[in-house]
S.K.: 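Please read through the structure below; I'll follow up with questions.
Values in this document were obtained by computation on a predicted structure and should not be read as measured data.
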Amino acid sequence: MSALIESTRISVLDRSRTREGHDGPEALRGTVRLAQELEALGYHRFWVSEHHSVPGVAGSAPTVLAAAVAAATSTIRVGTGGVMLPNHQPLVVAEQFGVLESLFSGRIDMGLGRSVGFTDGIRKALGRDKQDAVDFAAQLDELLGWFTGGQRAHPQVHARPAEGLRVPPYLLATGEGAKIAAEAGLPLVIGDIRGRDRMLAAVDRYRQEFRPSAWSERPYVVVSGTVAVAATEAEAHRLLIPEAWSMAYSRTHGVFPPLAPPERIEALAMTAKEREFYESGLTGHIAGTEEQVTDALEAVVKDSAADEVLVTTSTYDREALLDSFRRLARIAELTPPAAQG
């Protein structure tokens, strides 16, 4: 359908979202099943996320979940989107990815973020505070040094089995984070595609300031966001409703809840503020029929010159979500592993 989209890698980040009436363990098992289904469709990579003490997200230990996903698949790249480095000691992160790469050689990605627990209580439980994110560039340098053997902060200490292994690092970033990615010479993962102008400005700065490194000789840009595809525009719109309400609720109540069925959300009597956030959450995404999504996605890739698109869609109806991914695979003319080569 589009030569530009066909030449762009298409990947997925799944946050193991919980749903009303379905618990966290079911969400995690659903993540593993989704990875298997997307591998069969020919998606390039599958990433999992890190959230702590969030009722609506079961994914709290991304390297553990990545191991389960990698063990259940055989060709798709597997990684994290991302490990929040300020929450952890760089040595431990290096060791975890060293184990993953040793077990699943050539398929592991190390996606890294700079967020720290988002409430005082969570940060305290993690043994961290807001200031820990300030030293992210130094934490990143130390982490990469554990792989190369070049870290000097802890003489005579080695990350086993990470040292000497090559696990591709990716930096999840906006604004200042994009600058850190450029200076470190790392691939950039940037979102959300809803904030198009801001995203494009950050991508431009990243390319201008990029310094080639041992990890990447040239800039590499992954743009991320929600993409929903369905038989009709109305059906695609319904896929957006659960996440839009969950975000609106979190903005007005301070709690990020499990995803609810669209029909229940549409029947809610929302406050003016809830309605404002909810309707805002429904806009700016790439959603519609295959033809509409083809045009919209092509525009994003053309404007950003992205090397890859990372789809972050979550919704209540798991079968409808899988159908959306099947339709997106058709748009991108993805090649199933059995047909490759």
S.K.: Please round to the nearest 0.5 Å and tell me the distance separating atom CD1 of Ile76 and atom OH of Tyr43.
M.R.: 9.5 Å
S.K.: Could you measure the distance from the OG atom of Ser314 to the CG atom of Asp14? Nearest 0.5 Å is fine.
M.R.: 6.0 Å
S.K.: Could you see if Met199 belongs to whatever hydrophobic cluster contains Val222? Use Ile, Leu, Val, Met, Phe, Trp, Tyr and a side-chain cutoff under 4.5 Å.
M.R.: no
S.K.: If only side-chain N and O atoms count, and only distance matters, is there a donor-acceptor pair under 3.5 Å linking Arg15 with Thr31?
M.R.: no
S.K.: Look at the side chain of Asp135 and the backbone N and O of Ala138, then say whether any donor-acceptor pair between them is shorter than 3.5 Å.
M.R.: no
S.K.: Parallel, tilted or perpendicular, judged at 30° and 60°: which one describes the rings of Tyr170 and Tyr220?
M.R.: perpendicular
S.K.: Can a side-chain donor-acceptor contact be found between Thr73 and Gln36 if the only test is distance below 3.5 angstrom?
M.R.: no
S.K.: Taking atom CD of Glu217 as the centre, does the number of heavy atoms from other residues, nucleotides or ligands within less than 6.0 Å exceed 12?
M.R.: no
S.K.: Got a second to check how far Asp307's CG is from Arg218's CZ, nearest 0.5 Å?
M.R.: 4.5 Å
S.K.: Test Ser246 against Arg17 for side chain to side chain donor-acceptor pair (under 3.5 Å), laying out the working first.
M.R.: CA-CA 11 Å; Ser246 188; Arg17 292 288 273 114; 2.9 Å; yes
S.K.: Answer yes if Ile5 and Val309 sit in the same cluster of Ile, Leu, Val, Met, Phe, Trp and Tyr residues linked by side chain heavy atoms under 4.5 Å apart, and no otherwise.
M.R.: yes
S.K.: Within this structure, what is the CZ-CZ distance for the pair Arg9 and Arg77, rounded to the nearest 0.5 Å?
M.R.: 8.0 Å
S.K.: Can you see whether Tyr316 engages Glu20 through a side-chain donor-acceptor pair at a distance of less than 3.5 angstrom?
M.R.: no
S.K.: Could you list all the side chain to side chain donor-acceptor pair (under 3.5 Å) pairs where at least one residue sits in residues 81-92, not counting sequence neighbours?
M.R.: Glu50-Asn87, Glu50-His88
S.K.: Scan for side chain to side chain donor-acceptor pair (under 3.5 Å) pairs involving residues 247-256, sequence neighbours excluded, and state none if there are none.
M.R.: His253-Glu274
S.K.: How about Asp109 and Trp47: does a side-chain donor come under 3.5 Å of a side-chain acceptor?
M.R.: yes
S.K.: For the pair Thr294 (side chain) and Glu290 (backbone), establish whether a donor and an acceptor sit closer than 3.5 Å, ignoring hydrogens and angles.
M.R.: yes
S.K.: Give the C-alpha distance, both sets of side-chain angles, the deciding distance and a yes or no for salt bridge (charged side-chain N to carboxylate O under 4.0 Å, His left out) between Glu101 and Arg107.
M.R.: CA-CA 7 Å; Glu101 176 63 19; Arg107 285 208 294 139; over 6 Å; no
S.K.: Rounded to the nearest 0.5 Å, what separates atom CG in Asp317 from atom CG in Asp323?
M.R.: 9.0 Å
S.K.: To the closest 0.5 Å, what do you measure between CD1 (Ile108) and CG (Leu165)?
M.R.: 11.5 Å
S.K.: Can you confirm whether the side chains of Glu243 and Thr226 place a donor and an acceptor under 3.5 Å from each other?
M.R.: no
S.K.: Is there a side-chain contact between Val99 and Gln96 (heavy atoms, below 4.5 Å)?
M.R.: no
